[in-house]
Amino acid sequence: MGGFQDILILVSFLIEVAVLLYLELKAWRSLYTPLIFLMVPYSIILLISIAISGNFGFVDFYYPSIFIWSVGLVLFAIPSYVLAFVLQKHNRPLNSSMAEEDMPKLIVYIAVFVILLFVWRFRSVNGAFPIGSRDFGDELCGKGIWGHLRQLSLPILMMSIYFVDRQRWWLWLIIVPIFIIAVLYQILGWLIIPCLVGIMLRLYTGKTKLRLSLMLYVVLGVAVVFLGSYVISLVLVEENDLDNEVLSFIFRNFIHYLTSGTLGLSVDMELGFPDEGEFDMVIAQLVNIARALTGSGELIVPLNPYYYNTGFNLTNVRTFFGTVLINADYVTFALFVLFVSSAIYLMKVATIRFNNIYVYTAYFFECGLLFMGWFDSYFASLSVIEIPMLSLALWLLCKLCKPKMNELKLQECTLSAIVNS
């Protein structure tokens with residue numbers, strides 16, 4: 001396509017985003033909705049991808065790949081507007097404020113127990129692989145019971161980020177160790193998403209104000225985490241010097257990471273989607289659960305086997321809508337997008353009914369997955385089911401143990417009164 005047609009595609013998409021954003025704000029009267037979390041980050045990354053395409057060695061951008069997101073966003077918006085219309089028609093609230101509560105002591109005890117287990121695990125696997133390598137991270141907390149314990153630590157991390165303040169400064173003693181575990185795991189997405197969810201929770205409840213300075217700090221924080229992960233792998237593991245060449249490599253790899261989904265989809269579509277697969281890849285976690293229970297068939301690894309060169313490095317990610325489309329026909333694509341949107345918007349409604357930290361954590365976690373839609377689809381991972389279930393399990397456990405915790409607190413107060421008298 002020529003330059004004018006490319007500009008027309010881009011401008012049309014940006015107008016669509018502006019219209020959808022206006023309708024979403026009008027429908028829900030809130031910035032913290034699934035469509036906005038999906039749409040706005042992608043739009044920003046898209047503009048960055050177009051800005052660097054054809055420069056610094058990166059490939060040219062194939063503008064028709066934007067059409068996939070144009071259609072996908074409209075489909076995703078349909079359940080949003082229908083549900084908002086139904087709620088407004090029946091005079092139901094569209095949003096709610098989270099109930100005031102403190103960090104449950106039981107979750108603190110669980111967090112300390114999990115951290116101590118990982119300290120023991122670290123000592124037992126230390127030496128098997130270089131610290132900071134992907135093999136070390138996988139051995140430490142990437143499989144088996146240790147993988148599930150790492151999953152359990154993530155909702156605890158999200159809640160701790162939400163609750164931490166000057167009075168509860170000691171929550172940093174939970175945040176930092178769990179953060180280190182996530183860093184050692186060496187999967188950047190599963191480090192970024194929980195931290196984003198914690199920030200989302202704070203923004204939604206007003207604990208933190210949405211300012212330009214906060215956005216800059218978040219971007220800087222992501223860059224520092226990215227830099228730190230590569231310093232570990234390149235300097236500590238591979239024993240390279242931290243010179244200008246290494247720093248230049250890290251910076252270009254950071255840009256590659258930001259644009260790997262959009263440019264990967266661009267190259268893929270321009271080549272005619274040679275990596276078309278089966279829909280099982282989109283719902284790999286459900287297929288794997290069924291196969292594990294029945295003992296039939298091999299487990300699916302939901303990773304695209306096709307790697308494309310974007311000019312600096314290889315990528316096998318295709319953004320959220322791109323990954324779904326290459327593994328589904330058009331009808332299945334539309335039905336899946338409508339299902340995901342409906343499910344997450346129903347979770348938003350659940351936050352209104354059960355306005356506690358556990359339901360909000362589950363909801364914003366799904367929004368965090370959407371936030372990373374510019375990179376790839378995370379909805380084939382077990383985490384999309386497991387982490388919300390773990391969050392709700394913590395809620396149930398705290399409810400069941402609350403009478404006993406209150407009884408212990410009453411005994412402590414009684415003992416204190418006797419001693420003071």
I want to check something: taking the side chain as every heavy atom from C-beta on, are [X] and [Y] in contact at a cut-off of under 4.5 Å?
X      : Y      : result
Asn95  : Ile352 : no
Trp28  : Leu83  : yes
Tyr162 : Lys207 : yes
Leu75  : Phe333 : yes
Asp329 : Phe279 : no
Leu31  : Val40  : no
Cys141 : Phe118 : yes
Leu46  : Trp374 : no

Return the minimal non-hydrogen interatomic distance between [X] and [Y], and the atom names on each side.
X      : Y      : result
Ser30  : Ile36  : O-CD1, 3.8 Å
Thr319 : Thr262 : CG2-N, 3.7 Å
Arg252 : Phe58  : O-CZ, 4.2 Å
Ala182 : Leu191 : CB-CD1, 3.5 Å
Lys348 : Pro34  : CD-CD, 4.4 Å
Thr259 : Ser49  : CG2-OG, 3.4 Å

- Evaluation steps, side chain to side chain contact (heavy atoms under 4.5 Å, CB included), between Leu263 and Tyr308: CA-CA 9 Å; Leu263 290 182; Tyr308 297 134; over 6 Å; no

Would you say that more than 12 heavy atoms from the other residues, nucleotides or ligands in this model lie under 6.0 Å from the [atom1] of [X], or not?
X      : atom1 : result
Phe129 : CZ    : yes
Arg168 : CZ    : yes
Trp169 : CH2   : no

- Is the ring centre of Phe13 less than 6.0 Å from the ring centre of Tyr42?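 Yes - the distance between ring centres of Phe13 and Tyr42 falls below the 6.0 Å cut-off.
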
- Message: Can you confirm whether or not the ring centre of Phe122 sits under 6.0 Å from the ring centre of Phe136?
- Response: yes

Nearest-0.5 Å distance, [atom1] of residue [X] to [atom2] of residue [Y]:
X      : Y      : atom1 : atom2 : value
Leu265 : Thr315 : CG    : OG1   : 10.0 Å
Cys367 : Leu35  : SG    : CG    : 10.5 Å
Glu276 : Leu325 : CD    : CG    : 8.0 Å
Phe76  : Ile344 : CZ    : CD1   : 5.0 Å
Tyr81  : Gln88  : OH    : CD    : 12.0 Å
Ile193 : Ser383 : CD1   : OG    : 8.5 Å

Just by distance, do the side chain of [X] and the backbone of [Y] share a donor-acceptor pair under 3.5 Å?
X      : Y      : value
Arg291 : Leu299 : no
Ser391 : Ile387 : no
Ser12  : Leu8   : yes
Asn356 : Val359 : yes

- Message: As a test of understanding, state which of Ile161, Leu210, Val197 forms a side chain to side chain contact (heavy atoms under 4.5 Å, CB included) with Arg202.
- Response: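 That would be Ile161.
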
- Asn316 pairs by side chain to side chain contact (heavy atoms under 4.5 Å, CB included) with which of Asp268, Asp376, Leu303, Asp275? Leu303

- Relative to the ring of Trp395, is the ring of Tyr358 parallel (under 30°), tilted (30 to 60°) or perpendicular (over 60°)? parallel

- Modelled atom types, side-chain donor and acceptor of Ser96 and Tyr360, under 3.5 Å: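 Judged by distance alone, the side chains do pair up.
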
- Would you say the side-chain atoms of His256 and Thr310 include a donor-acceptor pair closer than 3.5 Å? yes

- Item | Candidate list Phe320, Phe365, Phe371, Trp190, test ring-ring contact (aromatic ring centres under 6.0 Å, His included), partner Tyr378, passing option |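 Going through Phe320, Phe365, Phe371, Trp190 one by one, the ring-ring contact (aromatic ring centres under 6.0 Å, His included) with Tyr378 is satisfied by Trp190 alone.
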
- Would Asn288 and Leu382 satisfy side chain to side chain contact (heavy atoms under 4.5 Å, CB included), going step by step from the backbone distance to the final call? CA-CA 9 Å; Asn288 287 340; Leu382 184 61; over 6 Å; no

- Please test Thr323 against Val282 for side chain to side chain contact (heavy atoms under 4.5 Å, CB included), starting from the C-alpha separation and ending with a verdict. CA-CA 8 Å; Thr323 295; Val282 179; 5.6 Å; no

- Message: Tell me whether Glu139 is salt-bridged to Arg121, with the criterion being a basic N under 4.0 Å from an acidic carboxylate O.
- Response: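 Yes, this pair counts.
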
- Please lay out, stage by stage, how Glu16 and Val74 fare under the test side chain to side chain contact (heavy atoms under 4.5 Å, CB included). CA-CA 9 Å; Glu16 175 189 327; Val74 171; 3.6 Å; yes

